[in-house]
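Only one structure is covered here, and it is reproduced in the block below.
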Amino acid sequence: MTSRSSGTDGPPAPAARVLASVRAGRDEALTRPVHDDRTLAVLGLALGVCFSICFVTGVLSHLIQNPPGWFTWSPNPAGGYRITQGLHVATGIASIPLLAAKLWAAGPRLISEPAVRNAAHALERISLFPLVGGSIFLLATGLVNLTKWYPWPFGFIQGHFAAAWITIGALVIHILAKVHITRDALRREPSGVARVVPEPEAHGGRRGFLAAVGAGAGAVTLFTVGQTVGPLKELALLAPRKPDVGPQGFPVNRTAKAAGVTAEEGGAGYRLSVTGAVADEGSYSLADLAAMTQREATLPIACVEGWSASARWRGVPVRTLLELAGASADATVRVESLQKSGSYKTSELNPSQIADPDSMLALEVNGEPLHLDHGAPLRLIGPNRPGVQQTKWVTSVVVL
Ligand SMILES: Nc1nc2c(c(=O)[nH]1)N[C@H]1C(S)=C(S)[C@@H](COP(=O)(O)O)O[C@H]1N2
Ligand SMILES: [Mo]
């Protein structure tokens, strides 16, 4: 019988040699501070902060767009969603270099021996699959979504939302398992080397490594966040959308052509209808609407994709139309578009949003009649709403 693995004489089997060299590589890596507890603790802390902000702002965005009964989103402050969604996208982007660094730094530890020490260790190790897989999935789908490219067979929102819960669940397990090591590692140098060798070697490149990762995370943030932070807009070199580029001075999310809406539909025969739970149904021409008392407000379009742009809007408050129709004050409203299909052809307003006179059907932006791609002849614009709810090419208001 040829036993290739149990004999003590003769050359080691190829598998054993590979294993021995993997072990040697791991053991060598684990002596270097760039792979030590302190490096991992610093990266873990930074990732923990980014992931927490990203998760909370993401869940908030989901609640705003799919409000359960207990949740009411206020129209104040007008620019609130611009900030929460800006943070969502910025912390997601900053997490990309942080996660890459963390995976690289933690890599050697994945080859642990024994593979599993006890039940708690097994749970911690198994949770790495949803944690790492989920994190990569979230950051990759989020990044690709910014470019409005959906190269996958599932719904982005459903997939991204489900993965967020799985990842956060795994993250909680990971944090519970690592909190002591992290705290100790951040409190003091993990080894005595600092006292016996000069500064640069003492840290074995840890400082340089963390500084480079920090600079990388800072750079990707700085070069994209100008898509929503006005004063930094010149620096938004990596952002897919420049907030001041587009017809009438700001971007277009979906063009009229892409939505299948033509200029004729908003032409001479156009009417806005007000129907549903009302005493008097209304039907208005553009001249009728222009003859009503107009409201003016500076409000942002705050796209879920992370860009936002403020503009000066002028139009008729939704509230005015409901008063004319004799709708009750606690009604909600569905606004419908000329667009025949697609997710964003309608949106809803809750009573507090309707009560705010800045929630309006705009005829003009920045002193001009709306450009077709910005929703001419009439679009919804309201304070503190996600861009997806600022419905363009509005044709009817249905009181629910
Ligand atoms: N009917 C309709 N309205 C819509 C959309 C759409 O696809 N269809 N896109 C929304 C999205 S996602 C955003 S961010 C804003 C962008 O408005 P803008 O193109 O005028 O900048 O319009 C919103 N209104
Ligand atoms: Mo959007």
Side-chain angles (χ1 to χ4, degrees), residues 57-58 61-62 64-66 78-79 81-82 84-86 88-89 92 142 144-150 155-157 160 227-228 230 233 239-263 265-266 270 272 297-315 318 333-349 353 359-398:
T57 51
S61 183
H62 200 85
I64 298 168
Q65 292 174 66
N66 310 276
Y81 185 79
R82 175 183 207 160
T84 64
Q85 193 63 10
H88 182 73
V89 173
V144 172
N145 180 57
L146 300 192
T147 65
K148 294 204 293 173
W149 177 45
Y150 300 92
F156 166 75
I157 296 170
H160 201 72
Q227 64 180 333
T228 182
K233 67 170 186 260
R241 246 75 52 94
K242 312 282 171 279
D244 56 353
V245 174
Q248 300 177 313
F250 60 103
V252 166
N253 184 277
R254 180 178 278 125
T255 60
K257 190 157 177 266
V261 176
T262 63
E265 291 175 275
Y270 173 88
L272 171 74
T298 301
L299 297 171
I301 301 262
C303 182
V304 294
E305 288 148 21
W307 65 267
S308 44
S310 276
R312 186 89 184 142
W313 304 92
R314 189 163 191 271
V318 174
V333 148
R334 187 174 67 240
V335 171
E336 298 177 342
S337 171
L338 289 165
Q339 186 182 343
K340 310 272 175 327
S341 63
S343 328
Y344 304 129
K345 64 191 173 78
T346 69
S347 70
E348 292 192 1
L349 292 149
Q353 292 171 323
S359 297
M360 63 175 117
L361 292 170
L363 291 152
E364 290 181 15
V365 65
N366 295 336
E368 298 168 8
L370 292 176
H371 186 284
L372 183 59
D373 287 337
H374 283 312
L378 192 70
R379 84 167 301 162
L380 177 65
I381 183 85
N384 204 15
R385 283 168 74 76
V388 294
Q389 296 181 335
Q390 311 283 28
T391 309
K392 305 197 274 192
W393 315 291
V394 171
T395 179
S396 67
V397 170
V398 182

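Whatever order the structure lists ligands and atoms in, that order sets their numbers, starting from 1. Please read these numbers as outputs of a predicted model, since none were measured by experiment.
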CA sep, side-chain torsions, deciding dist, call: L380, Q389, side-chain contact (heavy atoms from CB on, under 4.5 Å): CA-CA 8 Å; L380 177 65; Q389 296 181 335; 5.9 Å; no
Can you list the atoms of ligand 1 that are under 4.0 Å from a heavy atom of [X]?
X: S337; value: 1 (N)
X: T391; value: 3 (N), 24 (N)
X: F250; value: 20 (O), 21 (O)
X: V388; value: 10 (C), 11 (C), 12 (S)
X: W393; value: 1 (N), 2 (C), 8 (N)
X: W307; value: 21 (O)
X: C303; value: 14 (S)

Test log, rule side-chain contact (heavy atoms from CB on, under 4.5 Å), inputs I301 and W307: CA-CA 8 Å; I301 301 262; W307 65 267; 3.7 Å; yes
How far is [atom] from its nearest protein heavy atom, and which residue and atom is that?
atom: atom 10 (C) of ligand 1; result: G387 O, 3.5 Å
atom: atom 5 (C) of ligand 1; result: Y344 CB, 3.9 Å
atom: atom 7 (O) of ligand 1; result: R254 NH1, 2.5 Å
atom: atom 16 (C) of ligand 1; result: N253 CB, 3.6 Å
atom: atom 22 (O) of ligand 1; result: R379 NH2, 3.3 Å

Hey, is [X] touching ligand 1 through its side chain, its backbone, both or neither, going by heavy atoms under 4.0 Å?
X: Q389; value: neither
X: P251; value: backbone
X: Q390; value: backbone

Any donor-acceptor N or O pair under 3.5 Å, side chains Y270, T395: no
Donor + acceptor pair across side chains of R385, S359 (<3.5 Å):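 Not at all, the side chains of R385 and S359 share no donor-acceptor pair under 3.5 Å.
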Any N/O pair K392/ligand 1 closer than 3.5 Å: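 The answer is yes, given that K392 and ligand 1 share an N or O pair closer than 3.5 Å.
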Geometric N/O contact Q339 with ligand 1, under 3.5 angstrom: yes
Worked verdict on L378 versus L370 for side-chain contact (heavy atoms from CB on, under 4.5 Å): CA-CA 7 Å; L378 192 70; L370 292 176; 5.6 Å; no
From CA spacing to verdict: side chain to side chain donor-acceptor pair (under 3.5 Å), S337, T391: CA-CA 7 Å; S337 171; T391 309; over 6 Å; no
Check: F250 ring centroid to W313 ring centroid under 6.0 Å: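 Between W313 and F250, which both carry aromatic rings, the centre distance is below 6.0 Å.
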R254 to K392 - nearest heavy-atom pair and separation: O-NZ, 2.8 Å
S308 versus R82, closest heavy-atom pair with distance: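 That closest heavy-atom pairing would be OG-NE, 2.9 Å.
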Residues E368, R312: salt bridge by 4.0 Å N-O rule: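 R312 and E368: not salt-bridged.
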Salt bridge (charged side-chain N to carboxylate O under 4.0 Å, His left out) between E336 and K345, intermediate numbers included: CA-CA 6 Å; E336 298 177 342; K345 64 191 173 78; over 6 Å; no
